[in-house]
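Each chain gets a letter, A, B and so on, in the order its sequence line appears, and its residues count up from 1.
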There are 2 protein chains.
Amino acid sequence: MPLSRQAVTPELDLDGLDRVLGIHVGTINTLLLSRLERQLETFKVTPKQVAILWLVNANPGVKQSDLSRFFKIERPTVHQFVRQLTMNGHLVSEPSKLDRRAGGLWITETGAATLTAAREIIFTDEADLLSPLTADEQAELYRLIIKVYLSAPSRT
Amino acid sequence: MPLSRQAVTPELDLDGLDRVLGIHVGTINTLLLSRLERQLETFKVTPKQVAILWLVNANPGVKQSDLSRFFKIERPTVHQFVRQLTMNGHLVSEPSKLDRRAGGLWITETGAATLTAAREIIFTDEADLLSPLTADEQAELYRLIIKVYLSAPSRT
DNA sequence: TATTGTTATACTCTATAACTATA
DNA sequence: TATAGTTATAGAGTATAACAATA
């Protein structure tokens, strides 16, 4: 018998809703994020802010438009996270000398400390989430998700 | 060489961010949802509203608290969707005669028509998303996601 | 003209706190 | 006391429209 979400709420007729993969992807996503949000509260950052911080740390002077391309989100959306991170002292923005339209982003000491702590939490959460799977299954899940992602339709 | 998101933005040093599965799950989730939102605009419903409608259709007289349990979201959150669906004529709520605290939910003709159309869109989108995978891979992805979901930590 | 950043505004999904009514 | 529903409010993440500055 295949695994099914039916077991969780036997009183409901799911009528095939649990055959929609997106439902489970969404639920897992929400559970992961809300747990992470609570754990990051101490550091005054949100999950998305950490992701931005991660790339700024690894790419000093990166532009907002590069982040927009990577995350597949719009520039004003990126800007919002950058503004929050700047206000909280995790990031600084210096106008580029080469192209005065663009402003490079740099992480601060505070930001770097926050990132280090956040990374630990993220790795622990993720290992936790995947613990019901064997190592082979984890690798396969990872491979399949990436494969789907790589040919996923862009927003535009 | 393993599949990697690095290929999409070669100019960025991802510094292991793409080894975080949650990042890809989140991106896929958002891409799926935003496409679906646009397609459902005509019918004046959102993805989550359709999911609610789906279960109300299959379980006439269902209570809000049952939906809360299934979706793992709080009662006030369910209520919000129910209110929207009621205002737009997709749903009606009748107080139960057995337990006057509870109100059973029933789908309307409009709601049923919307659900039928929405289901088509959802199945098409999903087939599209999974098309890069072979049938075996799709089945395996489904199995792994459900397995993760079933042992995923609850919110509480 | 095209790109980068910005501001203003709005929508979707979710939560918590506090309330009413009923069991 | 516990459960069902409700109201009010807020926060995270996202978008579009419109603009200024620069290339």
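- B:H79 has no side-chain polar atom (N or O) that falls below the 4.0 Å cut-off from OP1 or OP2 of D:dG5.
- Across A:T27, A:I23, A:V25, a single residue satisfies side-chain contact (heavy atoms from CB on, under 4.5 Å) together with B:Y149, and that is A:T27.
- Rounded to whole angstrom, the span from the CD atom of B:Q64 across to the C1' atom of D:dT7 amounts to 13 Å.
- By the 4.0 Å N-to-carboxylate-O rule, B:R38 lies too far from B:E41 to be salt-bridged with it.
- If you check residues 39-53 of chain A against DNA chain D, the residues with a heavy atom closer than 4.0 Å are A:T46, A:P47, A:K48, listed by number.
- Nearest to the side-chain atoms of A:F81 among the listed nucleotides C:dT4, C:dA15, D:dG13 stands D:dG13.
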Under 3.5 Å, which N/O atoms of the protein pair with N/O atoms of nucleotides 18-23 of chain C?
from, atom 1, to, atom 2, distance (Å)
C:dA23, OP1, B:R100, N, 3.0

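- The shortest non-hydrogen separation linking A:Q64 to A:V82 is NE2-CG1, 3.9 Å.
- Proximity note for B:I73 (side chain, C-beta onward) versus D:dA4, C:dT14, D:dT14: the nearest is C:dT14.
- In this entry the distance linking NZ of B:K63 with C1' of D:dG5 reads 11 Å, nearest Å.
- For the pair A:L33 and B:Q80, both in contact range of DNA chain D, the more 5′-proximal nearest nucleotide belongs to B:Q80.
- Residue pairs meeting the salt bridge (charged side-chain N to carboxylate O under 4.0 Å, His left out) criterion with at least one partner in residues 75-89 of chain B, sequence neighbours excluded, do not occur; the list is empty.
- In this structure, CG of B:L85 is placed 16 Å from C1' of D:dG5, rounded to the nearest angstrom.
- Taking the side chain to side chain donor-acceptor pair (under 3.5 Å) definition, one finds that B:D15 meets it with A:R119, sequence neighbours left out.
- Remark: B:I122 engages A:V20, B:L36, B:V50, B:W54 in a side-chain contact (heavy atoms from CB on, under 4.5 Å) (not counting sequence neighbours).
- Phosphate contact (OP1/OP2 of D:dA15, side-chain N/O of A:T77, threshold under 4.0 Å): present.
- Under 4.0 Å is where a charged nitrogen must lie from a carboxylate oxygen, and between A:D99 and A:K63 no such pair does.
- Atom-to-atom, CD of A:E74 to P of D:dA18 comes out at 15 Å; the value is rounded to the nearest Å.
- When the nearest nucleotides of DNA chain C are assigned to B:Q84 and A:D66 by heavy-atom distance, the more 5′-ward of the two goes with A:D66.
- In this model, no donor atom of one side chain and acceptor atom of the other lie less than 3.5 Å apart for B:H90 and B:T108.
- At least one cation-pi condition fails for A:R19 and B:F123: the charged atom is not both under 6.0 angstrom from the six-membered ring centre and inside a 45 degree cone around its axis.
- The residue A:S65 sits close only to the backbone: its heavy atoms come under 4.0 Å of sugar-phosphate atoms, none of a base.
- For B:E126, there are no side chain to side chain donor-acceptor pair (under 3.5 Å) partners, not counting sequence neighbours.
- Whole-Å rounding puts the A:L32 CG to D:dG13 P distance at 13 Å.
- Put simply, CZ on B:R69 is 10 Å from C1' on D:dA4, counting in whole angstrom units.
- Candidate nucleotides D:dA12, D:dT6, C:dT6 were compared by shortest atom distance to the side chain of A:E37, and D:dA12 ranks first.
- Atom pair A:R83:CZ and C:dA8:C1' shows a separation of 10 Å (rounding to whole Å applied).
- D:dT14 atom P lies 13 Å from atom NZ of A:K72, rounded to whole Å.
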